[in-house]
S.K.: 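Shown below is the structure under consideration.
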Protein chains: 2
Amino acid sequence: MKLATWNVNSLRVRLPQVIDWLQQNPVDVLCLQELKLPQDKFPLDALQAIGYQAVWAGQPTYNGVALISKTEGTQVQRNIPHFEDPQQRVIAATYDSAKGPIRVISAYCPNGQAPDSDKYIYKMQWFAALENWLSDELQHYPHLAILGDYNVAPTDLDVHDPKKWEGKIHVSPAERAAWQKLIDLGLHDAFRHIHPEDPGFTWWDYRRGAFRRNAGLRIDHALLSTPLLTHCSDCLVDKSPRANEQPSDHTPVIVQLDL
Amino acid sequence: MKLATWNVNSLRVRLPQVIDWLQQNPVDVLCLQELKLPQDKFPLDALQAIGYQAVWAGQPTYNGVALISKTEGTQVQRNIPHFEDPQQRVIAATYDSAKGPIRVISAYCPNGQAPDSDKYIYKMQWFAALENWLSDELQHYPHLAILGDYNVAPTDLDVHDPKKWEGKIHVSPAERAAWQKLIDLGLHDAFRHIHPEDPGFTWWDYRRGAFRRNAGLRIDHALLSTPLLTHCSDCLVDKSPRANEQPSDHTPVIVQLDL
DNA sequence: GTAGGCGTCG
DNA sequence: CGACGCCTAC
């Protein structure tokens with residue numbers, strides 16, 4: 001079973017690339033973030049035409065997440081329960097595997113703007129709510145995978161120029177502490193587990209030729225529950241879509257689960 | 001010698017189509033309208049790369065005209081003399097031919113919005129200034145051609161559905177009278193001269209599949225001075241660019257001058 | 001319907 | 001830099 005995550009930065013604009021990518025990479029579940037389209041504008045037909053199903057949570061202009069899958073997802077959950085939020089940042093569904101149900105979550109964690117901003121406070125509250133919810137989910141679903149754009153680079157290895165990023169969002173101590181709390185729930189960073197030394201950047205700023213200079217961050221992650229990690233044989237970043245014509249600033253991360 | 005006119009509705013967007021069209025149709029002078037780019041953003045390099053020169057008058061967002069030519073134009077005139085106007089709607093230059101100099105003008109006449117609007121008044125004033133200037137120009141340049149988007153359909157033959165257009169801009173009596181005053185200067189409608197019966201639409205609204213239904217207007221014209229008309233052996237509308245992927249709403253008009 | 005700007009976001 | 005919504009223009 002293959003899972004993947006991709007912040008597409010507008011599904012309307014990126015749909016041809018997503019279709020193309022899925023045909024080249026027929027993963028079982030693709031988690032999307034930043035759909036940037038209202039609930040009723042989701043391009044379900046185009047995805048069904050290539051043999052995929054989908055569940056999604058959209059809103060106009062901002063955010064929006066989806067799960068694109070070969071089989072139908074059940075127990076679909078939009079947003080974090082008990083965390084009232086007009087922003088659509090989470091969708092979860094359960095998929096069948098040979099080893100029983102797998103809970104898959106697509107998450108678009110807040111960006112946080114700047115460490116002294118209201119949006120940073122929201123980011124921290126959001127992570128607290130996520131952690132609280134995940135501790136619950138892990139009770140119900142031992143096989144749990146949460147993939148998405150975390151907007152956190154967990155360590156300096158995940159940052160092209162740690163000096164430059166000091167004191168900025170994505171790397172601040174509070175954000176890294178929030179990340180650690182997720183890990184402490186019994187979740188594992190699949191890419192870092194497989195590649196202890198590879199930076200594995202997943203995002204490059206559109207500006208100043210960041211991709212060309214490989215001036216990136218690793219902020220898109222696949223977190224796996226301990227029982228799932230035992231089945232994880234590979235995790236990789238597919239840099240190629242970042243070199244497309246009209247690219248997203250993020251690129252996909254793929255996890256191979258042998259089950 | 002071949003002259004042509006094309007309202008491109010953003011040269012930035014249409015540049016590849018213009019390059020392509022010039023390579024298929026290596027006219028001597030191409031008059032462009034609605035560049036929609038500031039003076040310093042004109043894509044001179046791309047045109048030079050295919051062997052063309054250019055003079056232009058740009059402004060941000062709106063209007064803007066150019067003369068793209070194989071040989072250098074001289075006595076370049078931007079705007080109508082003695083008619084102060086921040087809107088860039090006219091550029092003129094002189095080109096050499098076997099029979100002596102030819103004055104070529106690219107004109108983007110005002111749209112006029114609606115017959116009861118301020119913009120309509122401006123349109124009428126603009127035409128008066130144009131007429132005044134052209135009577136002068138004709139004294140200096142017996143071989144004069146003024147090509148462009150006139151935003152006037154001279155007769156009902158130039159309108160797909162004259163009933164529907166009654167009382168609207170492009171066809172109002174005052175606009176047609178302004179057109180007639182240009183004709184009365186000793187200018188001749190090249191297309192209508194060659195094709196007395198062919199509607200020869202040059203513009204189709206982007207909306208409601210107007211091009212598919214051929215619901216167009218003939219509002220782009222080549223006017224020739226009497227001495228030039230004697231050399232005019234053909235005039236045609238090239239509808240093909242209107243069928244392009246991201247088309248302008250206008251399509252080129254080409255004049256063949258045997259000199 | 002298809003342009004370009006602006007302001008906002010990331 | 002490149003999304004979107006809103007505005008204006010044609």
Side-chain angles (χ1 to χ4, degrees), chain A residues 7-15 17 33-38 41 58-64 87 89 108-114 117-120 122-123 149-152 168-170 203-213 215 217 219-220 242 244-250, chain B residues 7-15 17 33-38 41 58-64 87 89 108-114 117-120 122-123 149-152 168-170 202-213 215-217 219-220 242 244-250:
Chain A
N7 178 323
V8 288
N9 188 14
S10 170
L11 183 55
R12 230 190 299 252
V13 174
R14 232 66 67 194
L15 181 62
Q17 295 179 45
Q33 301 87 40
E34 285 209 83
L35 307 182
K36 288 189 172 176
L37 46 78
K41 297 290 184 195
Q59 69 175 89
T61 317
Y62 301 120
N63 312 307
Q87 303 187 29
R89 297 184 170 278
Y108 175 47
C109 309
N111 169 286
Q113 198 168 50
S117 66
D118 287 356
K119 285 172 184 162
Y120 186 84
Y122 165 73
K123 183 174 190 170
D149 175 1
Y150 288 76
N151 274 311
V152 175
K168 301 226 170 105
I169 49 158
H170 303 118
W203 172 86
W204 298 262
D205 198 306
Y206 282 121
R207 289 162 284 189
R208 281 164 269 112
F211 183 59
R212 187 182 36 77
R213 298 183 291 113
L217 297 179
I219 55 178
D220 300 87
R242 188 59 179 79
N244 285 351
E245 269 301 310
Q246 237 191 324
S248 169
D249 45 351
H250 297 252
Chain B
N7 177 324
V8 289
N9 187 16
S10 168
L11 183 54
R12 229 190 300 253
V13 173
R14 234 65 67 194
L15 180 61
Q17 295 179 45
Q33 300 88 38
E34 284 209 85
L35 306 182
K36 288 189 172 177
L37 45 79
K41 297 291 183 194
Q59 70 176 88
T61 317
Y62 302 120
N63 313 307
Q87 302 186 32
R89 296 185 171 277
Y108 175 48
C109 309
N111 169 285
Q113 197 169 50
S117 68
D118 287 355
K119 285 172 184 166
Y120 186 84
Y122 165 72
K123 183 175 190 171
D149 175 1
Y150 288 76
N151 274 311
V152 175
K168 301 228 171 105
I169 49 157
H170 302 118
T202 63
W203 172 85
W204 299 263
D205 198 306
Y206 283 122
R207 288 161 284 191
R208 281 166 266 109
F211 183 61
R212 188 183 33 78
R213 297 184 292 112
L217 297 180
I219 55 178
D220 300 87
R242 187 60 178 79
N244 284 351
E245 269 299 312
Q246 235 190 326
S248 168
D249 43 353
H250 297 252

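By convention in this document, chain letters (A, B, ...) are assigned in the order of the sequence lines, proteins followed by strands, and residues within each chain are numbered from 1.
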S.K.: Do the side-chain N or O atoms of A/R12 get closer than 4.0 angstrom to the phosphate oxygens (OP1, OP2) of D/dG5?
M.R.: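 For A/R12, the contact criterion (side-chain N or O under 4.0 Å from OP1 or OP2 of D/dG5) is met.
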S.K.: Give me the atom names and distance for the closest heavy-atom approach of A/R242 to A/W204.
M.R.: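 Smallest heavy-atom distance, with atoms named: NH2-O, 2.8 Å.
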S.K.: A/E245 CD to D/dC1 P: how many Å, rounded?
M.R.: 16 Å
S.K.: Check the phosphate of D/dA3 against A/Q246, side-chain N and O only, distance under 4.0 Å to OP1 or OP2. Yes or no?
M.R.: yes
S.K.: Could you run down the sub-3.5 Å N/O contacts of the protein with nucleotides 6-10 of chain D?
M.R.:
unit_1: D/dA9; atom_1: O5'; unit_2: B/K119; atom_2: NZ; d: 3.3

S.K.: Roughly how many Å is it from CZ in A/R242 to C1' in D/dG2, rounded to a whole number?
M.R.: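 In whole Å, D/dG2 C1' and A/R242 CZ are 10 Å from each other.
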S.K.: I want to check something: taking the side chain as every heavy atom from C-beta on, are B/I169 and B/N111 in contact at a cut-off of under 4.5 Å?
M.R.: yes
S.K.: Considering all heavy atoms of both residues, which atom of A/R213 and which atom of A/R208 are nearest to each other, and what is their separation?
M.R.: NE-O, 3.0 Å
S.K.: Side chains of B/D149 and B/Q33: do they bring a donor and an acceptor to under 3.5 Å?
M.R.: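 No pair is found: no donor N or O on one side chain lies under 3.5 Å from an acceptor on the other.
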S.K.: Applying side-chain contact (heavy atoms from CB on, under 4.5 Å) to A/H170 and A/L217, what does each step give before you reach the verdict?
M.R.: CA-CA 9 Å; A/H170 303 118; A/L217 297 179; 3.7 Å; yes
S.K.: How many whole angstroms separate atom CG of A/L11 from atom C1' of D/dC4?
M.R.: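 Spelled out: CG on A/L11 to C1' on D/dC4 is 14 Å.
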S.K.: Can you confirm whether the side chains of B/N9 and B/K36 place a donor and an acceptor under 3.5 Å from each other?
M.R.: yes
S.K.: What closest approach, in Å, do B/L37 and B/R12 show between heavy atoms, and which atom pair accounts for it?
M.R.: CD2-N, 3.9 Å
S.K.: First and last nucleotide of DNA chain C touching chain A, 5' to 3', heavy-atom cut-off 4.0 Å?
M.R.: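 The contact span of chain A on DNA chain C goes from C/dC9 to C/dG10.
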S.K.: Does the side chain of A/Y62 pick up a donor-acceptor pair with the side chain of A/Q87 at under 3.5 Å?
M.R.: no
